[in-house]
Amino acid sequence: MKLATNKEHIKYDRHCLNLSQDEIKAKMEGEPYVIRMKVPDGEEVVFYDVVRERVAIQCDEIDDQVLIKSDGFPTYHFANVVDDHLMGITHVMRGEEWLPSTPKHVLLYQFFNWKLPKFIHLPLLLNPDKSKLSKRQGDVSVEDYLNKGYLPETLINFVALLGWHPKDEKELFSLSDLENEFSVKRINKSGAVFDVEKLKWMNGQYLKNLPIETIMKYAEPVFKSKGWDTKNTEKFKAVIENARKRADTIHEMIKPSIPFYAELEYSDEDNNLLQNESSQKVLTYFSEKLTGQINWTEAEIKLLVNETGEITGVKGKDLYAPLRISLFGEVHGPDIPLLIGILGIDETIIRIQRHI
RNA sequence: GGCCCGUUCGUCUAGUGGUUAGGACUCAGGAUUUUCAUUCCUGCAACAGGGGUUCGAUUCCCCUACGGGCUACCA
């Protein structure tokens, strides 16, 4: 594998620099050629990066960079500098991997006698093993995370905090917060590992604290793709309100919402529990009482649950489990009054009576 | 190999020539909640190593180690 046994820096040998004008003309007629930048000998290129301050490199370390390729197109190094100058670019913010080639760009600005932009080299985003963030070790693009149910608000906030920190200990920043508080002065130098766990936490925070309408907007296409009908806005809103606090991503909101949009499935264990004597007493009393009144407030339902317990003599888990399983399909879930509020009285009665 | 950049809890980070080295995520324990979730409280956990400079270094300088980036007629 070790092809280059010599440890010297491998550079273009400037073979063609000594050609006569005639020779150059002749070669250009018949042979493919490139145009290179002649880097001065023995000098030092110095520039000031906003993050790293003074950066200096010996010209002897810099190869005579190709500016125009043999296909006639400019290389990035050349096009980049020309473009930026023509567009009046004042600040060049890019990843740290560009730092080593910046002297080439600085030289070009000097050759053209153009005003140097400010360079701001940002620390790299890293994989868990600290290598440069790469496709091979997971998702790297914003789209990947958007598709996984992370919110744009989260992504902006999270990435801003990778390599930058405000003066205080605030962590949740809206875009307009960032406009006010972000400063290149507080960008730090070392690369940052992209920690998905913390991303999840932050997304959960946004899920819980953004206006409900915003969450509904993001969730709607995802819920629709499950074939669920979200037209009943009031119900959809209540479902989202319930799901948002038990999820860290839009996709995680699906699971706690299933019982509100899909047919319930019961395990043998659930059916056994629902059929036992105390469960039957609870379900019967509760549904009969429920049927006898049209409008129920959550407070009234709470009272009815208590009353059911008192009348039937069933309490604790034996009281709540049959109700929750028949209505929700699981022992764990939202408060029963809230659950019934979302389901509606009619659907509640239907679901309970199926098991009596 | 060469050149460049970096190094505070596992991770993201604050910070100072003299601090109990602070916060957040994760994890553990607890409180609230009929359950789950939420929320709250408490706890675990770090200045890479060695030399200097200094009354005193995590902080300033040097070296080493380690990590990363770049080394294309890619960007």
Side-chain angles (χ1 to χ4, degrees), chain A residues 2-12 32-36 49 51-53 55-58 60-80 94-104 121 123-133 158-172 186 188-202 204-205 207-209 241-248 252 255-256 302 305-306 309 315-321 323-325 328 330-339:
Chain A
K2 292 267 169 65
L3 292 179
T5 47
N6 64 325
K7 295 166 184 174
E8 292 306 302
H9 186 60
I10 301 165
K11 285 172 67 175
Y12 172 56
Y33 62 91
V34 299
I35 298 177
R36 286 175 184 268
D49 180 271
V51 176
R52 280 146 231 284
E53 303 190 309
V55 180
I57 189 166
Q58 298 301 323
D60 298 345
E61 299 293 337
I62 306 171
D63 197 3
D64 291 329
Q65 177 63 44
V66 170
L67 299 179
I68 304 290
K69 299 184 274 185
S70 58
D71 62 7
F73 282 94
T75 58
Y76 165 83
H77 300 287
F78 189 45
N80 161 250
R94 55 183 16 169
E96 192 193 336
E97 73 265 35
W98 291 103
L99 202 54
S101 51
T102 302
K104 292 173 181 175
H121 286 94
L124 260 22
L125 259 35
L126 272 26
N127 294 307
D129 71 354
K130 304 252 185 198
S131 60
K132 185 162 106 175
L133 201 61
F158 189 72
V159 173
L161 247 24
L162 254 27
W164 171 81
H165 198 277
K167 280 199 180 71
D168 54 26
E169 284 172 341
K170 184 175 164 185
E171 283 199 304
L172 267 12
R186 290 184 66 85
N188 50 227
K189 300 174 176 63
S190 50
V193 172
F194 193 95
D195 181 9
V196 181
E197 281 302 319
K198 186 150 185 179
L199 208 221
K200 283 191 69 170
W201 166 80
M202 188 176 282
Q205 292 300 305
L207 236 36
K208 289 164 188 69
N209 297 319
E241 194 61 76
N242 170 65
R244 74 194 310 199
K245 65 178 183 217
R246 343 185 143 248
D248 284 330
E252 284 179 8
K255 192 163 176 256
K302 193 176 164 65
V305 173
N306 291 342
K315 49 190 161 183
K317 189 172 181 282
D318 292 336
L319 170 63
Y320 292 98
L323 289 173
R324 196 171 274 115
I325 290 176
F328 196 67
E330 284 186 50
V331 242
H332 301 305
D335 292 341
I336 289 174
L338 176 64
L339 182 47

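Keep in mind the model is a prediction, meaning the values are calculated, not measured. Naming: A, B, ... by sequence-line order, numbering from 1 per chain.
Across the C1' atoms, B/G51 and B/A57 are found 13 Å apart, a figure rounded to whole Å. Using atom P as the reference point in both B/G2 and B/C12, the two lie 28 Å apart (nearest Å). Atom name P, nucleotides B/G22 and B/C61: the rounded distance is 25 Å, in whole Å. B/U58 and B/U53 have their P atoms separated by 15 Å, given to the nearest Å. The C1' atoms of B/G49 and B/U7 are separated by 12 Å, rounded to the nearest whole Å.
Residue A/Lys130 has a polar side-chain atom (N or O) positioned under 4.0 Å from OP1 or OP2 of B/U11. The phosphate of B/A72 has neither OP1 nor OP2 within less than 4.0 Å of any side-chain N or O from A/Lys69. A sub-4.0 Å separation between OP1 or OP2 of B/A14 and a side-chain N or O of A/Asn188 is present. In this model, the phosphate group of B/G23 is not approached by any side-chain N or O of A/Lys170 to a distance below 4.0 Å at OP1 or OP2. Residue A/Arg246 places no side-chain N or O under 4.0 Å from the OP1 or OP2 atom of B/U35.
Residue contacts shown for A/Val34 include a base, since a base heavy atom lies under 4.0 Å away. Nucleic acid contact class of A/Gly163 (heavy atoms, under 4.0 Å, all strands): sugar-phosphate only. Contact annotation for A/Ser70: base contact, defined as any heavy-atom pair under 4.0 Å involving a base atom. Residue contacts for A/Leu124: at a heavy-atom cut-off of 4.0 Å it reaches the sugar-phosphate backbone alone, with no base atom in range. As judged by a 4.0 angstrom heavy-atom cut-off over every strand, A/Gly316 is placed among residues making no nucleic acid contact. Note on A/Gln65: nothing from the nucleic acid sits closer than 4.0 angstrom, heavy atoms only. Within 4.0 Å (heavy atoms only), A/Val193 reaches sugar-phosphate atoms of the nucleic acid but no base atom.
The base of B/A37 lies outside donor-acceptor range of the side chain of A/Lys245, with no N or O pair under 3.5 Å.
Of the listed nucleotides (B/U39, B/C70, B/C12), B/C12 has the atom at the smallest distance from the side chain of A/Ala192.
Proximity of a side-chain donor or acceptor of A/Asp335 to a complementary backbone N or O of A/Pro337 within less than 3.5 Å is not detected.
One interatomic measurement links the two molecules: CG of A/Asp60 to P of B/C4, which rounds to 12 Å at whole-angstrom precision. Here B/G68 presents its P atom at 16 Å from CZ of A/Arg52, a figure rounded to the nearest Å.
Contact detail for A/His332 and A/Arg324: the closest heavy-atom pair is C-CD, 3.8 Å.
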